[in-house]
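Reading through the structure tokens given below for one structure.
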Amino acid sequence: MEDFLNELNEEQRKAVLATDGPVLIIAGAGSGKTRTLTYRIAYLIKKQLAKPSEILAVTFTNKAAREMKERLTTLLGSQALPLWMGTFHSVCARILRTEAEHIGLSRNFTIYDVDDSVRALRKILSSKGLSPQKFNPKVVQSRISRLKNHFVLPENLLEQELDDEYDQIVAEVYQAYMAFLKKNEALDFDDLLIRPIQVFDDFPEIKAKYNKKFQYILVDEYQDTNHAQYLLLKRLVNERKNLCVVGDEDQSIYGWRGADIKNILNFNRDFPEARIFKLEENYRSHNNILQAANAVVRNNKSRLGKNLWTRKQDGPKIKLVVADDEADEALKVVEIIHDEMYTHKRSFKDIAILYRTNAQSRALEDQLRRNAISYTIIGGVKFYDRKEIKDVLAYLKVLVNPADSVALRRIINFPLRGVGETTVNKIERFAEMENITLFDALGRVEEVANISATMGSRVKQFYLMMKKFMELKDELNAVELASTLVSEAGIMHHYQTEYDQYESESRIENIKELFATMEQFTREREGEGRDSDLAAFLEEVSLMTDIDTWNESSNAVTLMTLHSAKGLEFPVVCITGLEMGLMPLQRTSADLKELEEERRLFYVGMTRAMESLYLTYAKYRRRYNAGTYNTPSLFLDEIPTELLEFKTRIAGTRGASRGKRKTERKAKLEAYFQNDDQNQDRSGEFFVGQKVYHETFGKGQIIQLEGSGDKMKITVHFGRDGITKKLIKKFANLTPLEEN
DNA sequence: CAGCTGTATCTTTTT
DNA sequence: GATACAGCTG
């Protein structure tokens, strides 16, 4: 017992030992926050202050929850398993499923993701005759989500007179949307948080049950909780107020999602008796990295302030790398990777490449692939967002919850069975008249007016097939059910025949991977003695993010957004795209609050690095159609010059600037931009990124230029055959193609 | 009336 | 540079 207390520093130990009453732990980046939390839980259990089942620990991602659970199992064995650990959303889903019968909710409710919500709203808006130009479904979705995050319900809005016409309509649509969800027995992400609050308020006996159950509550990443989560916590905490929250206001990066930094800043106003501990020793990063990060975040006004320090050596300077454009930036990233591998004996998995927007990954991917560097991408098109996965899941969702019309509409004519929009609309109108679900209406298709006999039998055939599988639901386990369904419904056949070989293989591969995940899920859940049925699996999947499925052990460079990188660490980190307009993002620079969040985001990125940190930016970058010339991010100016090394080439040469003075560096940067303009304006010449045509190879794109004049070597990637060729200008006979 | 083809429209970050 | 939708065709 005491052994593991010795593994903590004094402040961490104090935080672990302060078991009772409200506790706020301000934990700087890399200060051993997870370790402190884990040991605190272990301590509670070992000292028998609480049974595992009386502890609730809320983490920010499912992955964090899984890892903490593993650590606890290592410390305590399987006795720790009954504790509740998960994200707010998964914990809420669990409560709602447990209490479903008492609160008028189907146990098999579907969870709608943003995409589903937008689909639903699109339908509602058009049925109200509102133009999608003026009332963009995505905008309306985010407005409603925002309202929900602030626990504002449609009835609160409608009872007051709203000045703004737009707000008035949003309020009406909001109400219709809630009715739609109810009819479909669906909850969206925000409902998962809101419904338990309502349940606790409406059913005191249920609130009492959970108050009794959860004697100790711990919340990680408290700076990123929103108002609804705050209200929920207030209800979950009982009179003992054993609430321990851990967070770092400098790492609050989810304001746009409704996270309220005030939750952490005002914690001791909510709980005046709260004890506060500050973890300020950083165990992760070399001193240079830490000092640079500190210097950047110091420019923020809204913070509690702390002094993060380390015993570690200074380490190498932070390398600032300038690139011509995004392809060149990617090329330089490749050089960085090579250099780190050969001169510092790193492997792929030690390296992370971070960026502000997912779209930036493309250029990086291209270059990594060409240089045979294995990589994994987190985010972007998520595994569970892939079309084939969504298709299969939609089938399963309908099996579990036939009332889910969004899923049903997705599959009713997939694979194509000749049942189109018009027919579905007719049946839907019938369903509304009869006050039954769309699915039940399919079974009575012969009663629907104006539907031909052939059409009717197509619909009926689909209905009967689904019905049959619904009956098989209890006989087969989740994987058996899913795989039989997928072949019988013709999905496998569809993917085998409708696409080229490469795509077909990868899609089928993905479906198989889904089945493998299901199997693993079933095993794990059975081990814990929890629900392992299809409904439970779908719930888990709905709340899963890319990072949760990330396999750290595979040896590959990791690519992800700065947001996804929160909570992770890598020996080598490279943050790309450090230009004005991208980092900070264009629309954020006007608003000080948003600018500060961008700065925190950069801070989060920097503090992921343990040993080396590279910062790159491109002077020119293509975004949508037009490209833009960019100036370096203002955040770069906030890093003390003596901590920076200015690199124009990565390996071999010492291209580093000796310029220690800011002005000198600025002059250098400006010189770069001058150069660049000339480069780009040389009409008739070739440039990197240019599209060209070659007699034998067809259309291609220049990815590298070496030398000059007729002897210039031009490396071109030809998309058609996916090959890359190095050509001599004189002989290649390349024709430049018009842009676009 | 289903299904295909071409055009318009956007791209911040995610539970 | 992918997706959604309108409009056309069979």
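Side-chain atoms are counted along with the backbone in the values below, which use heavy atoms only and exclude waters and symmetry mates. Letters go in sequence order (proteins before strands), and every chain restarts at 1.
- Positionally, the nearest nucleotide of DNA chain B for A:Asn413 lies more toward the 5' end than for the other of A:Ile253 and A:Asn413.
- In this structure, A:Lys123 fails the cation-pi test against A:Phe180, since its NZ or CZ atom is not both closer than 6.0 Å to the six-membered ring centre and inside 45 degrees of the ring normal.
- Counting heavy-atom neighbours within 6.0 Å of A:Gln461 CD, excluding the residue itself, gives a total of 12 or less.
- With rounding to whole Å, A:Lys387 atom NZ is found 15 Å from C:dA2 atom P.
- Relative to the ring axis of A:Phe109, A:Arg97 places its NZ or CZ within 45° and under 6.0 Å from the centre.
- Residues A:Leu601 and A:Arg417 both approach DNA chain B. Their nearest nucleotides, taken by heavy-atom distance, put A:Arg417 toward the 5′ side.
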Give me, pair by pair, the N or O atoms of the protein and of nucleotides 5-9 of chain C that are less than 3.5 Å apart, along with how far apart they are.
residue : atom : partner  : partner atom : Å
C:dC5   : OP1  : A:Arg122 : NE           : 2.8
C:dC5   : OP1  : A:Arg122 : NH1          : 3.4

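- The residue A:Ser564 sits close only to the backbone: its heavy atoms come under 4.0 Å of sugar-phosphate atoms, none of a base.
- If you check B:dT14, B:dC1, B:dT12 against the side chain of A:Met455, the one that comes closest is B:dC1.
- Applying the 6.0 Å contact sphere to CZ of A:Arg94 captures more than 12 heavy atoms from other residues, nucleotides or ligands.
- In this structure, A:Phe88 reaches neither bases nor backbone, as no heavy-atom distance under 4.0 Å exists between it and the strands shown.
- At the heavy-atom level, A:Lys566 lies nowhere under 4.0 Å from the strands shown.
- Applying the salt bridge (Lys or Arg N to Asp or Glu O under 4.0 Å) criterion to A:Lys262, with sequence neighbours excluded, gives A:Asp260.
- Listed by chain and residue number, nothing satisfies the side chain to side chain donor-acceptor pair (under 3.5 Å) test with A:Asn450 (two or more places apart in sequence, or in another chain).
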